[in-house]
There are 2 protein chains.
Amino acid sequence: MTKKISNSEKLFHCPVEATLSQIGGKYKMIILCHLIHDGTLRYNELQKYIPQATAKMLTQQLKELEHDGIIHRKVYPVVPPKTEYSLTERGKTLTDIIHSMRDWGRKYMAGSFEE
Amino acid sequence: MTKKISNSEKLFHCPVEATLSQIGGKYKMIILCHLIHDGTLRYNELQKYIPQATAKMLTQQLKELEHDGIIHRKVYPVVPPKTEYSLTERGKTLTDIIHSMRDWGRKYMAGSFEE
DNA sequence: CCGTATCCCTGGAGATACTG
DNA sequence: CAGTATCTCCAGGGATACGG
């Protein structure tokens with residue numbers, strides 16, 4: 001059992017670094033992109049959207065986002081299991097960033113992603 | 001001598017991934033942040049701003065950004081050498097993204113970076 | 001379905017030394 | 001000053017198998 005997870009009390013040299021400490025993880029911005037678009041997503045829906053991430057990676061990134069108060073994890077005690085991920089209020093404040101990234105990709109990387 | 005450098009012709013699952021393929025590198029957004037703020041910076045000025053990046057890493061990230069047409073590298077043939085980095089027109093289109101990240105950091109990570 | 005636990009390997013990245 | 005060239009290491013992350 002390791003503690004780790006996240007860098008509170010670390011000092012950064014500029015605000016962008018501080019932001020990256022929260023959403024700079026390998027798949028975090030992509031996760032946020034889909035959550036912003038769809039509102040709520042189940043674990044396996046996220047897997048479908050982000051097939052390049054293994055289950056281990058996806059789980060880890062989700063855990064960190066939850067730990068940092070960016071997303072909310074709701075487990076339904078049913079069989080088979082059901083887990084839903086959604087943005088917290090803090091998470092919703094990241095919408096501007098993700099939207100500007102999405103818009104830039106559409107405009108300047110057109111044709112390099114599936115429409 | 002390896003070719004590598006950059007992922008043209010790769011297909012992404014969403015526009016955010018495409019954007020990240022250009023500026024997702026470890027220090028790229030931080031480099032851009034400073035170039036947007038200062039306009040033009042010399043190599044050693046960037047080193048001062050980003051001390052956690054080694055010379056090798058800084059050079060590599062700058063090369064990739066140049067290769068992707070995001071920054072411009074101007075070498076002055078003087079002694080001692082002088083090299084200036086600045087944003088290309090394409091690079092300037094990333095201003096929205098970096099500014100929204102900077103603003104978010106200031107607002108929601110206040111106190112975690114040197115003012 | 002929604003994850004965890006292990007094993008394992010590679011390439012990302014640091015340290016160091018050197019050059020035009 | 002502005003980089004390059006090597007060597008090295010370890011931890012980020014993939015593959016696989018299993019558990020509630």
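So you know, we letter chains A, B, ... as the sequences are listed, proteins then strands, and number each from 1.
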Write down the distance between [atom1] ([X]) and [atom2] ([N]), rounded to a whole number of angstrom.
X	N	atom1	atom2	answer
A/L41	C/dG3	CG	C1'	17 Å
B/K48	D/dC1	NZ	P	8 Å
B/E84	D/dC1	CD	P	15 Å
B/E45	D/dG3	CD	P	12 Å
B/K28	C/dA13	NZ	P	11 Å
B/L58	D/dA2	CG	P	11 Å
B/K63	D/dG3	NZ	P	8 Å
A/Q60	C/dT4	CD	P	11 Å

When rounded to the nearest 0.5 angstrom, what distance separates [atom1] in [X] from [atom2] in [Y]?
X	Y	atom1	atom2	value
A/L20	B/M109	CG	CE	10.0 Å
A/L65	A/M29	CG	CE	10.5 Å
B/W104	A/T95	CH2	OG1	11.5 Å

Exercise for the section: For A/Y76, report the nucleic acid contact type (base, sugar-phosphate, nothing); a contact means any heavy atom under 4.0 Å. Expected result: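 The answer is nothing, as A/Y76 stays clear of every strand by at least 4.0 Å.
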Problem - Given DNA chain D, 5'-ward residue of the pair A/Q61 and B/N44, judged by closest heavy atom - result: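 Its nearest nucleotide lies further toward 5', so the answer is B/N44.
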Exercise for the section: Report yes if at least one side-chain N or O of B/T83 is closer than 4.0 Å to OP1 or OP2 of D/dC1; otherwise report no. Expected result: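 Negative; the distance criterion is not met.
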Exercise for the section: Please check the phosphate of D/dA2 (OP1 and OP2 only) for any side-chain N or O of B/R42 closer than 4.0 Å. Expected result: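 Indeed, a polar side-chain atom of B/R42 lies that close.
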Handout entry: Criterion side chain to side chain donor-acceptor pair (under 3.5 Å) against B/Y76, the qualifying member of B/K82, B/R42, B/E84
Key =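 Going through the options one by one, the only one that passes is B/E84.
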Completion exercise
Parsed dot-bracket for DNA chain C after applying the Watson-Crick and G-U rules with both distances under 3.5 Å and | for other-strand partners is |.||||||||||||||||||
Handout entry: Considering all heavy atoms, the nearest A/I30-B/C14 contact
Key =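 Heavy atoms only, the tightest pair is CG2-SG, 4.5 Å.
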Practice task
Would you check if there is a donor-acceptor pair between the side chains of A/Y43 and A/T59 at a distance under 3.5 Å?
Solution key: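 Checked: A/T59/A/Y43 side chains pair up, N/O donor to acceptor below 3.5 Å.
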Handout entry: Short side-chain donor-acceptor distance under 3.5 Å, B/Q22 and B/E64
Key =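 Side chains of B/E64 and B/Q22: no pair found under 3.5 Å.
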Exercise for the section: Look at B/K92 together with B/E89 and state whether they make a salt bridge at an N to O cut-off of under 4.0 Å. Expected result: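 Here B/K92 pairs with B/E89 in a salt bridge, since their nearest N and O are under 4.0 Å apart.
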Exercise for the section: If a protein heavy atom is under 4.0 Å from the base, mark B; if only from the sugar-phosphate, S; if neither, -; do that for nucleotides 14-20 of chain D going 5' to 3'. Expected result: BB----B
Handout entry: Residues A/T40, A/Y85; criterion side-chain contact (heavy atoms from CB on, under 4.5 Å); working and verdict
Key = CA-CA 6 Å; A/T40 296; A/Y85 293 93; over 6 Å; no
